[in-house]
Amino acid sequence: MFDEKIMELELAGRTLKVSTGKISRQSSGAIVIQYGDTVLLSTANRSKEARKGADFFPLTVDYIEKFYSTGKFPGGFNKREGRPSTNATLVARLIDRPIRPMFPDGFNYDVHIVNTVLSYDEINTPDYLGIIGSSLALMISDIPFLGPVAGVTVGYKNGEFILNPSPKELEESELDLSVAGTKDAVNMVEAGAKELDEETMLKAIMFAHDNIKKICEFQEEFAKLYGKENIEFEKSEVLPLVKDFIDSNGYERLQQAVLTTGKKNREEAVDSLEEELLEKFIQENYPDVPEEDLPEDIILEFKNYYHDLMKKLVREAILYHKHRVDGRTTTEIRPLDAQINVLPIPHGSALFTRGETQSLAITTLGTKEDEQLIDNLEKEYYKKFYLHYNFPPYSVGEVGRMGSPGRRELGHGSLAERALRYVIPSEEEFPYTIRVVSEITESNGSSSQASICGGSLSLMSAGVPIKEHVAGIAMGLIKEGEEFTVLTDIMGLEDHLGDMDFKVAGTKSGITALQMDIKITGITEEIMRIALNQAHQARLEILELMNNTISKPAELKSNVPRIQQITIPKDKIAVLIGPSGKNIKSIIEQTEATVDITDDGLVSIFAKDAETLEKTLKLVDSYVREVEYNEVYEGRVVSIMKFGAFMEILPGKEGLLHISEISPERVEKVEDVLSVGDVFKVRVISMEGGKISLSKKKV
């Protein structure tokens, strides 16, 4: 029934096993990839016909987490997997980014790649396996693919690089690096780091690439034995009618239009010229044809060639004349501005502007109850710091639907969160849950990096004791053959028409996050080194501005809830809670504070203001304190006897106030001077035999 083909490769002391021919046999390409006990199914399929007139490559990459892969049930009412988790969306992006540049120019068939996690051992993560599996599924399919590509993960501990570390090893690592590439070059990087220097980061990327080469050679061998013949495909040439008209009528004018200063002005200049040329083209070639009968394919070809020419002119100006469309040098940052406390009520706020890109960043401080529950294929856990990124259509002067966050919002937010995560204080230092929201109010490139800068400023303005500021910058690349130019602080047009988007974030001490995407098949170590060095200089310049704006955490605002943590002996936990929670409920009712108690005796108190916090601390202390000899307590009379009165001086702790210790004067009857419920101060004068004796007259 099956014609299964299997090959194996030793990688980092484990066996990487790939097979085809047994599962998903109707797919154009299907690979089952196993590493340890993690198993992933990668499939690749294409549409039967190309999309006519498409000016983009219609590639879809899905990454599907199945809870059965770890022996878990999905949450929720329906008990089935629903929409992809944030993690699944981010992994899908991670797989998409190195695969996307590896298709022939002009190939417009719809391509769908699906990666399904069938088994997960919680040691070998499926993310980089998805890159390898997707590449190999394409390699054995009939889809034209310029691969192979492969991906690995790298950790760093005690001066040594770790290939494909487990999640547990990554927790102890100074680096969490994902790299993908071909045999010849790197084409995707994603990293978080504990302020790692540029040289170590570059060595880590090259270490990853050395192993990527082995995996690519392994894929080539497998595809040579078991791959299908690719479908015939040729990129159609531009119609001479269209090309000649635009070249002769619009070449020089478009050269001038693309150099117009200002994003909106430039777009208007380029768009109005296109309208003018298109109208003239129609008049000359189709003078008597009604608008509804104009040949759609030729009109579309006109627009596509006009766009391609604009791209060519912008790239040539940068590459050969070092002339950017806004007049900057290749290493120059756009004008910067940073302000804090721009909003009156939020706990922290900042407005960071770089050229025509602007982030309004807001920080909110909360309790343990505000932590975010993360439920994925690994264990459930709570996040005390998270960042949300919003990109509304008005930020680019457009109209559009505003719904739940898409892949862009989740990806940019994750990158900004990762960059800032390494400077966030520990729970012991700062027991607040921290949420940062970046509202992109203007965008012309590098909005994720503006979110990092704005987020850092916002955190300090809220009083979060971060180690130091974090800044981010995006680098670009224009490359033709061996000629290349690296650009600092790319704007939207340079990102759209360029070959690389290399984002670097960090403190003055080192890198905390890195992300690189390219549109060509790969870049060299030399280009990466230049980009990292230029990014370092730019980062220091931005950090100087940020430190001039605010250099140390501000005082907490008056409307910020107060949190304090104390540790009580474990044997006092039950006393504090009380029977059926009686004691803790009483404290909460009296103060309206939130009180959380962990099994190790950590008590977290969250109160609306300093006065409430002080009151709550006193009540908690009253339940867990031990009675001390000669100490004065405020006691309450609970019962009266002939020989004295029993008083509660701490919750659950009573002592005897003997009739002779009530007053310096003689007392005939206790009930003549005391009543049940009376509250006054008494001193502990004896604790012999575990019995507590009190005195009012010795206070």
So does [Y] get a backbone contact from the side chain of [X], meaning a donor-acceptor N/O pair under 3.5 Å?
{"X": "Ser456", "Y": "Val470", "result": "yes"}
{"X": "Asn164", "Y": "Thr153", "result": "yes"}
{"X": "Asp489", "Y": "Ile333", "result": "no"}
{"X": "Glu544", "Y": "Glu541", "result": "no"}
{"X": "Ser141", "Y": "Leu138", "result": "yes"}
{"X": "Glu217", "Y": "Lys214", "result": "no"}
{"X": "Gln34", "Y": "Gly36", "result": "yes"}
{"X": "Asn158", "Y": "Glu160", "result": "no"}
{"X": "Ser173", "Y": "Asp176", "result": "no"}
{"X": "Thr70", "Y": "Phe67", "result": "yes"}

If I compare all heavy atoms of [X] with all of [Y], which pair ends up nearest, and what's the gap?
{"X": "Asp127", "Y": "Thr125", "result": "OD1-OG1, 2.8 Å"}
{"X": "Gln449", "Y": "Gly472", "result": "OE1-CA, 3.3 Å"}
{"X": "Gly454", "Y": "Ala350", "result": "O-CB, 3.7 Å"}
{"X": "Gly445", "Y": "Arg334", "result": "O-NH2, 3.5 Å"}
{"X": "Ala531", "Y": "Met500", "result": "CB-CE, 4.3 Å"}
{"X": "Arg354", "Y": "Cys453", "result": "NH1-SG, 4.5 Å"}

Partner residues of [X] under the ring-ring contact (aromatic ring centres under 6.0 Å, His included) criterion, sequence neighbours left out:
{"X": "Tyr386", "result": "His388"}
{"X": "Phe233", "result": "Phe107"}
{"X": "Phe207", "result": "Phe161"}

Spacing of [atom1] belonging to [X] relative to [atom2] belonging to [Y], to within rounding of 0.5 Å:
{"X": "Phe484", "Y": "Ile523", "atom1": "CZ", "atom2": "CD1", "value": "9.5 Å"}
{"X": "Thr331", "Y": "Asn533", "atom1": "OG1", "atom2": "CG", "value": "12.5 Å"}
{"X": "Ile113", "Y": "Leu59", "atom1": "CD1", "atom2": "CG", "value": "5.0 Å"}
{"X": "Glu190", "Y": "Gln515", "atom1": "CD", "atom2": "CD", "value": "4.5 Å"}
{"X": "Glu332", "Y": "Leu487", "atom1": "CD", "atom2": "CG", "value": "12.0 Å"}
{"X": "Ser166", "Y": "Asn124", "atom1": "OG", "atom2": "CG", "value": "8.5 Å"}

Query raised in the report: Checking side-chain hydrogen bond (donor to acceptor under 3.5 Å, both in side chains) against His112, which of Asn45, Thr60, Asp62 comes through?
Result: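 When side-chain hydrogen bond (donor to acceptor under 3.5 Å, both in side chains) is applied between His112 and each of Asn45, Thr60, Asp62, only Asp62 qualifies.
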**Report entry** Given Ser414, Ser448, Ser447, Ser451, the one that forms side-chain hydrogen bond (donor to acceptor under 3.5 Å, both in side chains) with Tyr389
**Finding:**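 The single option meeting the side-chain hydrogen bond (donor to acceptor under 3.5 Å, both in side chains) with Tyr389 is Ser447.
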Residue [X] excluded, over 12 heavy atoms near [atom1] under 6.0 Å:
{"X": "Glu483", "atom1": "CD", "value": "no"}
{"X": "Gln372", "atom1": "CD", "value": "yes"}
{"X": "Lys72", "atom1": "NZ", "value": "yes"}
{"X": "Lys508", "atom1": "NZ", "value": "no"}

Query - Test log, rule side chain to side chain contact (heavy atoms under 4.5 Å, CB included), inputs Val436 and Phe385 - result: CA-CA 8 Å; Val436 174; Phe385 165 65; 3.9 Å; yes
**Report entry** Salt-bridge contact Glu494-Arg328 (side-chain N to carboxylate O under 4.0 Å)
**Finding:**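 Looking at Glu494 and Arg328, the cut-off is met.
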Query raised in the report: So, are Lys228 and Asp142 salt-bridged, with charged N and O less than 4.0 Å apart?
Result: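 Result for this pair is no, no salt bridge flagged.
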Does [X] have any salt bridge (charged side-chain N to carboxylate O under 4.0 Å, His left out) partners at least two apart in sequence or in another chain, and if so, which?
{"X": "Lys157", "value": "Glu172"}
{"X": "Glu417", "value": "Lys383"}
{"X": "Arg14", "value": "none"}
{"X": "Glu8", "value": "none"}

Scan side-chain atoms only and decide if [X] and [Y] contain a donor-acceptor pair under the 3.5 Å cut-off.
{"X": "Asn87", "Y": "Ser85", "value": "no"}
{"X": "Thr488", "Y": "Gln534", "value": "yes"}
{"X": "Thr182", "Y": "Asn187", "value": "no"}
{"X": "Asn444", "Y": "Thr357", "value": "no"}
{"X": "Lys322", "Y": "Thr485", "value": "yes"}

Can you list everything that forms a side chain to side chain contact (heavy atoms under 4.5 Å, CB included) with [X]? Sequence neighbours excluded, please.
{"X": "Asp499", "result": "Arg315, Leu477, Lys479, Ile520"}
{"X": "His496", "result": "His307"}
{"X": "Ala150", "result": "Ile132, Ile212, Ile215, Cys216, Gln219"}
{"X": "Ser509", "result": "Glu195, Glu468, Thr507"}

Query raised in the report: side chain to side chain contact (heavy atoms under 4.5 Å, CB included) between Tyr120 and Glu65: does it pass, once the steps are laid out?
Result: CA-CA 10 Å; Tyr120 178 41; Glu65 294 176 325; over 6 Å; no
Query raised in the report: If you look only at pairs with a residue in residues 509-527, which of them pass as a salt bridge (charged side-chain N to carboxylate O under 4.0 Å, His left out), with sequence neighbours excluded?
Result: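 Those involving residues 509-527 are Arg97-Asp517, Glu525-Arg529.
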Report task. Would you check, one step at a time, whether the test side chain to side chain donor-acceptor pair (under 3.5 Å) holds for Glu4 with Thr20? Result -> CA-CA 6 Å; Glu4 188 176 17; Thr20 190; over 6 Å; no
Report task. Measure the shortest side-chain to side-chain distance between Ile162 and Val154 over non-hydrogen atoms and say whether it is less than 4.5 angstrom. Result ->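 The answer is no; the side chains never approach within 4.5 Å.
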**Report entry** Ring geometry between Phe103 and Phe57 (parallel below 30°, tilted from 30 to 60°, perpendicular above 60°)
**Finding:**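 Ring orientation, 0 to 90° scale: tilted.
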